[in-house]
Amino acid sequence: SYLANHLIDMYARCDSLAEARAVFDSLERPPTPVWTALLVAYGRNKKLDEARAVFDAIPRPNLACWNAMLSAYAQNGRLRTARDFFDSMQRRNVISWNAMVAAYAQNGYLEEARQTFDKMPDPDLVSWNTIVTAYAKRGDLVEARKLLRRMPKQTPVSQTVMVLAYAQEGRIDEARELFEQTRHPDVLCCNTMLGAYAQTGQHLVEASSLFDRMVAKDDVSWNTMLKAYVTCGEIEKAEGVFASMPRRDVVSWTSMVTAYGQAGDLEAARRTFDKMPSKDPAAWTAMLTAYGRNGELEEARSFFEDIPTKDSVAWNAMEAAYAQAGDMVAAVEIFKRMAVKDQSAWNTLVNGYAQAGEIQEAKRIFDAMPQRD
RNA sequence: GACUCGUUGGUUACG
């Protein structure tokens, strides 16, 4: 029970839901926190129905269970259900409110997030962090700063979020300034600054110097440094980091596949892909794109068909591979087969026709788009 | 001990 929580949590992070379930099933009368941990595990792994089934099976669900279910809905894009669920709650605490604010923000409803924040009873620092994050992620730095000034006190989260916000706007100097004003930046904040340096290639020296100065490094730090070299096409440096990392996870491996693909070394990319201990849709898609960008459309297609679970990004990548090769017939065929046609899928078509010189067709698609931007 | 906020990899566009 006590360590069952940790086990379930660990397994959930490793996508080992079956093992999490096994731990759970080994308990004859699981305490409520263990039920909640399992619910969260399902929710984080996109198993919403299972999460709900767990919730319904909890003998005496407390507020934490309700909050967990609320977040599970929100994190799986079920905003409406989340809101109805929130409204149906007999009791709410600050965590429920924070979860609802985050639910709106993460699903793109900034105004509703703000309204909820403004009317919640007793916002705590997490509430403030949540609303600042919402504005920062949208790129509204002015409002983010305004809210930041009204916060009772700064937190590691708010500091990190602001560094990230400036970085995402390409304002690296200001990001650095904020970062340097931070008294004792934690690993996440350092990683964020590292990522800011990594995103362009203009700041490789600063990236590696920060990386070397970091006293605490986690997997994300290493992966971010790796990515910095990959972005700059510094294959040898990337290989050096990859070889010396304490731990290589699926993110590290995928970065290397991308690196080789960008360098035009399909053999190395494929060798790396084949050696990956575990593969997720992102890894498959990276390899698929490597084939496509190097003109191997047939290989890309048969590889695509082999992907065990194709998410929407994988579909988009196959479509884009054809579109970029000028084969709009094949691109459209993929597009038509898509279960979900997101913005990227539409953009790829419009852009593909435009690049092929078929302007009128591009415009026709553009006008048919559900939401234009 | 469980529930809410921040960092890294794959697709398009944006930059």
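Residue numbering restarts at 1 for every chain, and letters A, B, ... go by the order of the sequence lines.
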Side-chain N,O ([X]) to OP1/OP2 ([N]) below 4.0 Å:
X: A:Lys137; N: B:U7; result: yes
X: A:Gln168; N: B:G15; result: no
X: A:Gln324; N: B:U12; result: yes
X: A:Arg44; N: B:U4; result: yes
X: A:Arg293; N: B:U12; result: yes
X: A:Asn351; N: B:A13; result: yes
X: A:Lys227; N: B:U8; result: no

Would you indicate what [X] reaches in the nucleic acid, counting non-hydrogen atoms under 4.0 angstrom: base, sugar-phosphate, or nothing?
X: A:Asp311; result: base
X: A:Thr130; result: sugar-phosphate
X: A:Val313; result: base
X: A:Asn62; result: base
X: A:Thr348; result: sugar-phosphate
X: A:Val132; result: nothing
X: A:Thr160; result: base
X: A:Thr285; result: base
X: A:Gln106; result: sugar-phosphate
X: A:Ala282; result: base

Starting from [atom2] on [N], measure out to [atom1] on [X] and report it in whole angstrom.
X: A:Asn93; N: B:C5; atom1: CG; atom2: P; answer: 13 Å
X: A:Asn67; N: B:C5; atom1: CG; atom2: P; answer: 11 Å
X: A:Trp222; N: B:U7; atom1: CH2; atom2: P; answer: 22 Å
X: A:Asn316; N: B:G10; atom1: CG; atom2: C1'; answer: 11 Å
X: A:Gln199; N: B:G9; atom1: CD; atom2: C1'; answer: 15 Å
X: A:Leu210; N: B:U8; atom1: CG; atom2: C1'; answer: 14 Å
X: A:Gln75; N: B:U4; atom1: CD; atom2: C1'; answer: 9 Å
X: A:Phe117; N: B:C5; atom1: CZ; atom2: C1'; answer: 12 Å

Tell me which one of A:Asp124, A:Ile131, A:Leu125 satisfies side chain to side chain contact (heavy atoms under 4.5 Å, CB included) with A:Asn98.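 Exactly one option meets the side chain to side chain contact (heavy atoms under 4.5 Å, CB included) with A:Asn98, and it is A:Asp124.
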Quick check on the 6.0 Å ring-centre criterion: do A:Trp346 and A:Phe366 meet it?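 Ring-ring flag for A:Trp346/A:Phe366: false, centres at least 6.0 Å apart.
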Quick check: A:Trp284 with A:Phe303 (ring centres under 6.0 Å apart)?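 Between A:Trp284 and A:Phe303, which both carry aromatic rings, the centre distance is below 6.0 Å.
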Candidates A:Arg114, A:Lys137, A:Arg138 - the one meeting salt bridge (charged side-chain N to carboxylate O under 4.0 Å, His left out) with A:Glu143: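 Only match with A:Glu143 under salt bridge (charged side-chain N to carboxylate O under 4.0 Å, His left out): A:Arg114.
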Please state whether the base of [N] and the side chain of [X] form at least one donor-acceptor pair under 3.5 Å?
X: A:Asp280; N: B:G10; result: no
X: A:Ser255; N: B:G9; result: no
X: A:Asp249; N: B:G9; result: no
X: A:Ser344; N: B:U12; result: yes

Quick check against the 3.5 Å criterion: does A:Lys279 have a side-chain atom that pairs as donor or acceptor with the backbone of A:Met276?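 At least one qualifying donor-acceptor pair exists.
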Working to the nearest 0.5 Å, report the span between OH of A:Tyr291 and CZ of A:Arg270.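 Here the interatomic distance stands at 4.0 Å.
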Tell me which nucleotide among [options] gets nearest to the side chain of [X].
X: A:Ala102; options: B:U11, B:C5, B:G6; value: B:C5
X: A:Ala64; options: B:C5, B:A2, B:U7; value: B:A2
X: A:Leu164; options: B:C5, B:U7, B:U11; value: B:U7
X: A:Ala37; options: B:A2, B:U11, B:U4; value: B:A2
X: A:Ala99; options: B:A2, B:C5, B:U4; value: B:U4

Can you hop from A:Leu226 to A:Leu210 via hydrophobic side chains spaced under 4.5 Å?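 Yes: a chain of side-chain contacts under 4.5 Å links A:Leu226 to A:Leu210.
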Starting from the 5' end of RNA chain B, give me the residue, A:Glu169 or A:Cys189, whose nearest nucleotide shows up first.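 Taking each residue's closest nucleotide, the earlier one in sequence belongs to A:Cys189.
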Mind telling me whether A:Phe85 and A:Phe55 have parallel, tilted or perpendicular rings, with 30° and 60° as the class edges?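 The rings of A:Phe55 and A:Phe85 stand perpendicular, inter-plane angle above 60°.
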